[in-house]
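Structure record follows, encoded as structure tokens.
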Amino acid sequence: MKKIVIVMPVANEEATMKTIINNILALPYDNLYLYPVIDFYSKDRTENIIKEAENQTDKVKCIFYKESTGVVSCYLEGFRQALKDGAEWVIEMDGGNSHNPLEIPQFIQKLEEGYDCVWGSRFVKGGGITGHPFYRMLLSKGGTWLSNFILGTKLKDMTSGFEAFRGSVLEKLEFEQFLSTGHMYQTEMRFYCRRLKTVEVPIHYIGGASSLRIGSVSEAIKILFMLKKNEKLVWRRPSGR
């Protein structure tokens, strides 16, 4: 039975953390483990709630990442820990109640079918977004169109953070060579994995209040034009390419 690890960066999720943990642990998989990754940015009881669950079951491992530089660094540290602990399949999702744990089984099903990477998509049939400002949805769709145009990819959603990987794929990536420290990480990962066997599955994203920084948009566009050159630094060795 393959070990499946869910990597979930969390910070200040006190209101929803216990419910998310319970919903994940209630899924019918004896081989499913949860690795919440937290750092000093979190100031409420999120860490305490995770540690309470960790004390009750070996299915939860609280990772405090003091060297964190943001959510992307927490994703990557979670991957490192999962691979170190023998994870064969790894699922990435948000911890702020924006991703529905009940949608996890479809990611596992696609991995069982032989896919290397499974991308959650808000824009394929059956997917959707609720509670997100309209301009944010336009930004996501526009970012997907621009990314596909520049990178030659053909995905419906290039910016979703709900995704799954075979551990053998992650083992071949040099995480330190990733360029993105923000939302562009999702696009970067999809680009590097474009020649593997991948599939999109519908997800329902629950958004919230957010702000748009022009600087982050310009930085994302700059990174888009750097990905092709950077790709050779990311792969440790050829991987189905």
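Atom set for the values below is all heavy atoms of this structure, side chains included, hydrogens, waters and symmetry mates excluded. These figures come from a predicted structure and were not determined experimentally.
Val169 and Met158 fall within a single hydrophobic cluster, where Ile, Leu, Val, Met, Phe, Trp and Tyr side chains are chained together by heavy-atom contacts under 4.5 Å. In the hydrophobic clustering of this structure, Leu146 groups with Met226; members are Ile, Leu, Val, Met, Phe, Trp, Tyr whose side-chain heavy atoms approach within less than 4.5 Å, directly or through other members. Hydrophobic clustering of Ile, Leu, Val, Met, Phe, Trp and Tyr side chains at less than 4.5 Å, counting indirect connections, keeps Tyr33 apart from Ile49. Residues Phe107 and Ile206 are members of separate hydrophobic clusters, defined by side-chain heavy-atom contacts under 4.5 angstrom among Ile, Leu, Val, Met, Phe, Trp and Tyr. Follow the hydrophobic side-chain contacts under 4.5 Å out from Leu233 and you never reach Val72; the two are in separate clusters.
Taking CG from Leu32 and CD1 from Ile6, the interatomic distance works out to 4.0 Å, rounded to the nearest 0.5 Å. If you take CD on Glu92 and OG on Ser160, they are separated by 8.0 Å, rounding to the nearest 0.5 Å. Between the OG1 atom in Thr187 and the CD1 atom in Ile223 there is a gap of 9.5 Å [rounded to 0.5 Å]. In this structure, the separation between CD on Glu163 and CD1 on Ile91 is 11.0 Å, given to the nearest 0.5 Å. Atom CE of Met93 sits about 7.5 Å away from atom OG of Ser98, to the nearest 0.5 Å. The distance from the OG atom of Ser42 to the CD atom of Glu47 is 7.5 Å, given to the nearest 0.5 Å.
For the ring-ring contact (aromatic ring centres under 6.0 Å, His included) test with Phe175, the passing option among Phe79, Tyr185, Tyr192 is Phe79; the others fail.
Ion pairing of Lys197 with Glu113 is absent here, as no side-chain N (NZ or NE/NH1/NH2) approaches a carboxylate O to less than 4.0 Å. Using a 4.0 Å cut-off between charged side-chain N and carboxylate O, Lys51 and Glu54 make no salt bridge. A salt bridge does not link Glu200 to Arg190: none of the charged nitrogens lies less than 4.0 Å from a carboxylate oxygen.
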For Val234 and Phe178, run side chain to side chain contact (heavy atoms under 4.5 Å, CB included): C-alpha distance rounded to whole Å, both residues' side-chain angles, the deciding distance at 0.1 Å, then the answer.
CA-CA 7 Å; Val234 170; Phe178 273 63; 3.8 Å; yes
Check against side chain to side chain contact (heavy atoms under 4.5 Å, CB included), Asn230 and Glu188:
CA-CA 10 Å; Asn230 193 62; Glu188 187 170 2; 3.9 Å; yes
Could you go through the side chain to side chain contact (heavy atoms under 4.5 Å, CB included) check for Cys74 and Asp39 one step at a time?
CA-CA 8 Å; Cys74 288; Asp39 61 22; 3.9 Å; yes
Output, in order, the C-alpha distance, side-chain angles, deciding distance and verdict of side chain to side chain contact (heavy atoms under 4.5 Å, CB included) for Cys193 and Asp116.
CA-CA 9 Å; Cys193 296; Asp116 297 310; over 6 Å; no
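Within a 6.0 Å radius of OH in Tyr29, more than 12 heavy atoms belonging to other residues, nucleotides or ligands are found. Heavy atoms of other residues, nucleotides or ligands lying less than 6.0 angstrom from NZ of Lys156 number 12 at most. For Lys18, the NZ atom sits in a loose shell: 12 or fewer heavy atoms of surrounding residues, nucleotides or ligands are nearer than 6.0 Å. In the displayed structure, Asp30 atom CG is contacted under 6.0 Å by at most 12 heavy atoms of other residues, nucleotides or ligands.
Heavy-atom minimum distance, Met17 versus Ile50: CG-CG1, 3.9 Å. Closest of all the heavy-atom pairs between Pro36 and Val10 is CB-CG2, 4.1 Å. The two atoms that bring Phe123 and Ser140 nearest to each other are CZ-CB, 4.0 Å, heavy atoms only. Heavy-atom minimum distance, Tyr41 versus Ala11: CD2-CB, 3.7 Å. The heavy-atom pair separating Ala87 from Val5 by the smallest distance is CB-CG2, 3.6 Å. Residues Leu224 and Ser147 approach most closely at CD2-OG, 3.6 Å, considering heavy atoms.
At least one side-chain heavy atom of Glu52 sits less than 4.5 Å from a side-chain heavy atom of Arg45. His99 is listed as a side-chain neighbour of Tyr205, based on a closest heavy-atom distance under 4.5 Å. Looking only at side-chain heavy atoms (C-beta outward), Glu13 and Ile20 stay at 4.5 Å or farther from each other. Inter-residue side-chain proximity for Lys59 and Leu34 is flagged as unmet; no heavy-atom pair is nearer than 4.5 Å. Phe191 places a side-chain heavy atom less than 4.5 Å from the side chain of Glu231. In this structure the side chain of Arg166 reaches within 4.5 angstrom of the side chain of Trp89, judged on heavy atoms. The shortest distance between side-chain heavy atoms of Asp94 and Tyr75 falls below 4.5 Å. Under the 4.5 Å side-chain criterion, counting only non-hydrogen atoms from C-beta, Leu139 is not in contact with Thr159.
A donor-acceptor pair shorter than 3.5 Å cannot be found between the side chains of Asn97 and Thr16. Inspection of the Tyr35 and Asp85 side chains reveals an N or O donor paired with an N or O acceptor under 3.5 Å.
Side-chain atoms of Asn23 do not come within 3.5 Å of backbone N or O of Pro101 as any donor-acceptor pair. Between the Lys232 side chain and the Lys229 main chain, a donor and an acceptor come within less than 3.5 Å of each other. No donor-acceptor pair closer than 3.5 Å links the side chain of Asn12 to the backbone N or O of Thr46. Not a single donor-acceptor pair under 3.5 Å links the side chain of Asn31 to the backbone N or O of Ile4.
For an aromatic pair to be called close, the ring centres must be under 6.0 Å apart, and Trp119 with Phe165 satisfies this.
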